[in-house]
Amino acid sequence: MPELPEVETVAADLRPHLVGRTVRSCEVRFPTIVRHPDPDRFAALLTGRRIEALTRRGKYILHHLDGGDDLVLVVHLGMTGQWRCVPAGLPEPDHLHAVIDLDDGTQLRYRDVRRFGRLLLGSEEELVAARKLPRLGPEPIDPAFTAADLYRRLHVRRAPLKALLLDQMLVAGVGNIYADESCFRARVRPDRPANELSRRAVGRLHAALGELLREAIENRGSSVDDYRDAWGEMGREQHLLRVYGRGGQPCLRCGRALAVVRLAGRTTVFCRRCQR
DNA sequence: TTAAATTCCTGTAAGC
DNA sequence: TGCTTACAGGAATTTA
């Protein structure tokens, strides 16, 4: 499933191909995929706009448009969303929910089997005010985000650490895979109430998060389930995951069978011996 | 305000 | 083989 490294990979790959392109037409085939504004207005507003910049924030891809009104096309891939740029006329896959034709003959395609993803159009302020875009927490790979920042956010909360790592308002871009992996690297139990963590433990967690996410970006993300990059290719990080998807198998550090529990509604894997 | 539970959605795999 | 059922999870929404 696409988390920060996967979304970063897609955004970085698309950027050189999309910046400077103009939208010729837009067809929304599955209306509920567009969450703001209504699909007809979405298509009308988008048509004729030029993409001036492409950025990522958390798990969101932001296409900044010309026109002087700060309009942004926002894409969230949810669980199974795919955002690809292909030559127009290529055979269409199933579950294709939106198609955007560009002025160079390429086509942006939004495909999403489970339809947990979404497309938004508006200024960032408008989307946040309309509660279509959350007030995201800091970027975990931003050098300005320090261990002290993370500690300040965690030590006032009593929820299990895992639940807070998944909270996009606390820190942006972490999902189930990298939450479990960062806890393992930091040797911290994901079910510990956040306010019980020492500064030292939060320091390890902060370092683990940064290292892990940078490594995963380097490896073009984890292709578990059906994540693919903008060209339909798989990432490599899934081969390096140490706990995610390995419940019951031996811990790669100590050999003990990895525990599987349910936390914050998510399958959570950790080592009862290595993580305290 | 916070935390936990529920909902959406479909492909896959396990069980009978 | 074919059917039913459980499971996967990001985040909005609801409930406590």
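This one's a predicted model, so the numbers in the text were calculated from it and none came from an experiment. When reading the values below, keep in mind they use all heavy atoms of this one structure, side chains included, and skip hydrogens, waters and symmetry mates.
Heavy-atom distances to DNA chain B give each of A:Leu164 and A:Phe30 a nearest nucleotide, and the one nearer the 5′ end belongs to A:Leu164. Comparing A:Tyr244 and A:Lys132 by the nucleotide of DNA chain C whose heavy atom lies nearest to each, the residue mapping closer to the 5' end is A:Tyr244. Each of A:Arg266 and A:Arg157 was assigned the nucleotide of DNA chain B with the nearest heavy atom; the assignment lying further toward the 5' end belongs to A:Arg157.
Aromatic rings from A:Phe30 and A:His95 are positioned such that their centres are separated by 6.0 Å or more. Checked against the 6.0 Å centroid threshold, A:Trp231 and A:His17 count as a close aromatic pair.
Within the structure, a side-chain polar atom (N or O) of A:Arg262 is placed less than 4.0 Å from OP1 or OP2 of C:dA8. Side-chain N/O atoms of A:His76 include none lying less than 4.0 angstrom from OP1 or OP2 on C:dA12. Using a 4.0 Å cut-off, some side-chain N or O of A:Thr267 falls inside it from OP1 or OP2 of C:dG9.
Atom NZ in A:Lys162 sits about 16 Å away from atom C1' in B:dA3, given to the nearest Å. Between the C1' atom of B:dT2 and the CG atom of A:Leu161 lies a distance of 16 Å, rounded to the nearest Å. Between the CZ atom of A:Arg111 and the P atom of B:dC9 there is a distance of 18 Å, rounded to whole Å. At whole-Å resolution of the value, CG in A:Leu263 and P in B:dA5 are 11 Å apart. Rounded to a whole Å, the CG atom of A:Asn176 is 13 Å from the C1' atom of C:dA11. Rounded to an integer number of Å, the gap from A:Asp94 CG to B:dT10 P is 12 Å. Atom CG of A:Leu166 and atom C1' of B:dT2 are 16 Å apart (whole Å). Taking atom CG of A:Leu165 as the reference point, atom P of B:dA3 lies 13 Å away to the nearest angstrom.
Of the candidate nucleotides C:dA11, B:dG11, C:dG10, B:dG11 has the atom nearest to the side chain of A:His95. If you check C:dG10, C:dA11, B:dA4 against the side chain of A:Ala159, the one that comes closest is B:dA4.
When heavy atoms are screened at a 4.0 angstrom cut-off, A:Met1 is found touching the sugar-phosphate backbone but no base atom. Note on A:Arg131: nothing from the nucleic acid sits closer than 4.0 angstrom, heavy atoms only. Looking at heavy-atom distances under 4.0 Å, A:Pro193 makes no contact with the nucleic acid at all.
Taking the six-membered ring where the residue is Trp, A:His206 and A:Phe145 present tilted rings, their angle falling between 30° and 60°.
At a threshold of 4.0 Å, the pair A:Glu92-A:Arg29 counts as salt-bridged, since one of the basic side-chain nitrogens sits closer than that to a carboxylate oxygen. Salt bridge A:Asp94/A:Arg111: present, at least one basic N to carboxylate O contact under 4.0 Å.
Linking ILVMFWY side-chain heavy atoms closer than 4.5 Å, directly or via other members, places A:Leu14 and A:Tyr60 in two distinct hydrophobic clusters.
A donor-acceptor contact closer than 3.5 angstrom links the side chains of A:Trp83 and A:His63.
Among the duplex regions that DNA chain C forms, those built from at least three successive Watson-Crick or G-U pairs under 3.5 Å are B:2-16 with C:2-16, ordered by first number.
Under the stacking criterion of a centre-to-centre distance below 5.5 angstrom and an interplanar angle below 30°, A:Phe116 is not stacked against the six-membered ring of C:dA11.
Judged by the 6.0 Å and 45° rule, A:Arg200 forms no cation-pi pair with A:Tyr151.
Between the side chain of A:Arg114 and the base of C:dA8, at least one donor-acceptor pair of N or O atoms lies under 3.5 Å.
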